[in-house]
Amino acid sequence: MNRPPAVDGGRTRSTGPFSGDWERLAAEIRACRLCPLGATRTHAVVYRGGPSPRVVFVGEAPGATEDATGRPFMGRSGARLDAAVAAVGLADGEFGVLNVLKCRPPENRFDRLAARTCRPYLRRQLELLHPRALVPLGAVALRELAPEAPPVLTAAGRPYDSPDGPIFPLIHPAAALRSRTLRERWDRDVRALGAWLRSVV
Ligand code: URA
């Protein structure tokens with residue numbers, strides 16, 4: 001079962017049942033040993049959010065907190081992301097959070113080979129969740145969803161046409177923790193995301 005509890009430590013609440021297909025996919029991801037990361041992870045990290053989200057935020061890979069809890073974006077960058085989600089007016093159940101990589105790479109070093117192995121999981125998750133909008137967080141997620149897009153610092157803060165339809169890239173919330181300039185960029189882009197969501201989604 002990958003159904004989130006009714007209350008997730010003050011974070012996302014589930015609003016209803018996930019499909020059997022989703023549950024089977026989640027079980028497959030949690031049992032996955034297709035790449036070496038399967039041997040070093042504590043938990044594969046599948047998803048948190050409602051079963052029919054309007055918006056899905058796509059991150060890069062689980063870190064230490066996510067590996068320990070089995071849930072995406074639970075550390076400091078997760079707190080920043082959750083604040084942004086609240087600021088753009090998305091209620092519990094209206095959004096979801098997942099990652100390109102399902103398992104934590106050692107030393108948090110992104111692993112392109114693992115990303116290729118994980119790709120069918122990501123594609124199937126997006127197919128089953130079928131959100132109205134995708135928000136890639138940072139360069140890795142942007143490259144995964146829109147390989148032709150300009151670099152993330154150029155693309156962030158405005159809608160972009162991807163093979164999956166319109167997406168709205170943001171810089172990674174961890175980057176926003178690094179400098180005042182990037183924090184201001186994050187805040188500005190999140191405001192633009194809110195306006196975009198109100199007008200089109
Ligand atoms: N936590 C995640 O789940 N994903 C990231 O990209 C960063 C932190």
Side-chain angles (χ1 to χ4, degrees), residues 2 4-5 7-14 25-26 28-49 53 55-87 90 92 95-122 125-126 129 134-145 151-153 156 167 169-183 185-187 189-190 193:
N2 185 48
V7 177
D8 176 24
R11 291 190 173 168
T12 321
R13 265 158 241 183
S14 169
L25 175 64
E28 198 182 323
I29 294 171
R30 282 196 304 271
C32 181
R33 302 273 172 199
L34 289 177
C35 85
L37 300 191
T40 53
R41 69 163 185 243
T42 307
H43 292 104
V45 175
V46 179
Y47 176 72
R48 71 174 164 97
V55 182
V56 167
F57 294 82
V58 181
E60 180 175 325
T65 317
E66 293 76 21
D67 181 61
T69 59
R71 304 178 62 72
F73 280 99
M74 297 303 287
R76 281 178 73 212
S77 49
R80 183 159 291 270
L81 176 61
D82 287 347
V85 165
L90 289 167
D92 287 338
F95 70 97
V97 185
L98 46 71
N99 284 307
V100 172
L101 286 191
K102 306 307 176 201
C103 296
R104 183 190 185 196
E107 290 157 43
N108 295 338
R109 211 174 302 126
F110 186 76
D111 184 323
R112 277 171 189 267
L113 191 65
R116 259 213 300 283
T117 311
C118 274
R119 187 164 295 142
Y121 293 143
L122 175 66
Q125 284 186 300
L126 297 180
L129 292 169
L134 290 173
V135 178
L137 299 166
V140 164
L142 178 59
R143 194 172 55 230
E144 183 67 28
L145 295 177
V152 70
L153 279 174
I167 61 174
L170 293 178
I171 62 171
H172 196 282
L177 295 165
R178 263 181 235 136
S179 77
R180 188 167 153 198
T181 308
L182 289 173
R183 194 166 60 247
R185 175 71 191 266
W186 169 264
D187 289 343
D189 292 351
V190 166
L193 171 65

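Between the CG atom in Leu37 and the SG atom in Cys118 there is a gap of 7.5 Å [rounded to 0.5 Å]. How far CZ of Arg76 is from OG1 of Thr65: 10.5 Å, rounded to the nearest 0.5 Å. Residue Asp67 holds its CG atom at 3.5 Å from OG1 of Thr42, rounded to the nearest 0.5 Å. Separation of atoms CG (Leu145) and CG (Leu126) is listed at 6.5 Å; rounding is to 0.5 Å. Taken to the nearest 0.5 Å, the CD atom of Glu66 stands 7.0 Å off from the CG atom of Asn99. To the nearest 0.5 Å, the span separating CD on Glu144 from CG on Leu134 amounts to 11.5 Å.
Remark: the backbone N or O of Pro62 is not paired with any side-chain donor or acceptor of Arg104 at under 3.5 angstrom. Within the 3.5 Å criterion, the main-chain N or O of Gly63 finds no donor-acceptor partner in the side chain of Asn108. In this structure a side-chain-to-backbone donor-acceptor pair under 3.5 Å is missing from Ser77 to Phe73.
Shortest non-hydrogen contact noted between Val152 and Leu170 is CG2-O, 3.8 Å. Looking at every heavy atom in both residues, Val100 comes nearest to Ala115 through CG1-CB, 4.2 Å. In terms of heavy-atom proximity, Ala44 sits nearest to Arg30 at CB-CA, 3.8 Å. Residues Thr40 and Pro106 approach most closely at OG1-CG, 4.1 Å, considering heavy atoms.
By the 4.5 Å heavy-atom criterion applied to side chains, Ile167 and Pro169 are counted as neighbours. Between His43 and Arg71 the shortest side-chain heavy-atom distance does not fall below 4.5 Å. Annotation: side chain of Ile29 is not in contact with side chain of Tyr47 (no heavy-atom distance under 4.5 Å). When side chains are defined from C-beta on, Arg119 does not count as touching Leu122, because their heavy atoms never get closer than 4.5 Å. Using a 4.5 Å heavy-atom threshold, the side chains of His172 and Arg178 count as separate. Using a 4.5 Å heavy-atom threshold, the side chains of Leu101 and Tyr121 count as separate. Contact annotation: the side chain of Leu98 approaches that of Leu129 to within less than 4.5 Å [non-hydrogen atoms, C-beta and beyond]. Residues Pro136 and Phe57 are not in side-chain contact: their nearest non-hydrogen atoms beyond the backbone lie 4.5 Å or more apart.
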Intermediate values then yes/no, side-chain contact (heavy atoms from CB on, under 4.5 Å), Leu137 and Glu60: CA-CA 7 Å; Leu137 299 166; Glu60 180 175 325; over 6 Å; no
side-chain contact (heavy atoms from CB on, under 4.5 Å) evaluation trace for Lys102 with Val45: CA-CA 5 Å; Lys102 306 307 176 201; Val45 175; 5.8 Å; no
Worked check of salt bridge (Lys or Arg N to Asp or Glu O under 4.0 Å) between Arg48 and Asp82: CA-CA 12 Å; Arg48 71 174 164 97; Asp82 287 347; 3.0 Å; yes
Worked check of side-chain contact (heavy atoms from CB on, under 4.5 Å) between Val56 and Phe95: CA-CA 6 Å; Val56 167; Phe95 70 97; over 6 Å; no
side-chain contact (heavy atoms from CB on, under 4.5 Å) between Trp186 and Leu177, intermediate numbers included: CA-CA 9 Å; Trp186 169 264; Leu177 295 165; over 6 Å; no
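Contacts of Arg116 classified as salt bridge (charged side-chain N to carboxylate O under 4.0 Å, His left out), with partners at least two apart in sequence or in another chain: none. With sequence neighbours left out, Asp111 forms a salt bridge (charged side-chain N to carboxylate O under 4.0 Å, His left out) with no residue at all.
Between Asp189 and Arg185, at least one side-chain N (NZ, or NE/NH1/NH2) sits under 4.0 Å from a carboxylate O, which counts as a salt bridge.
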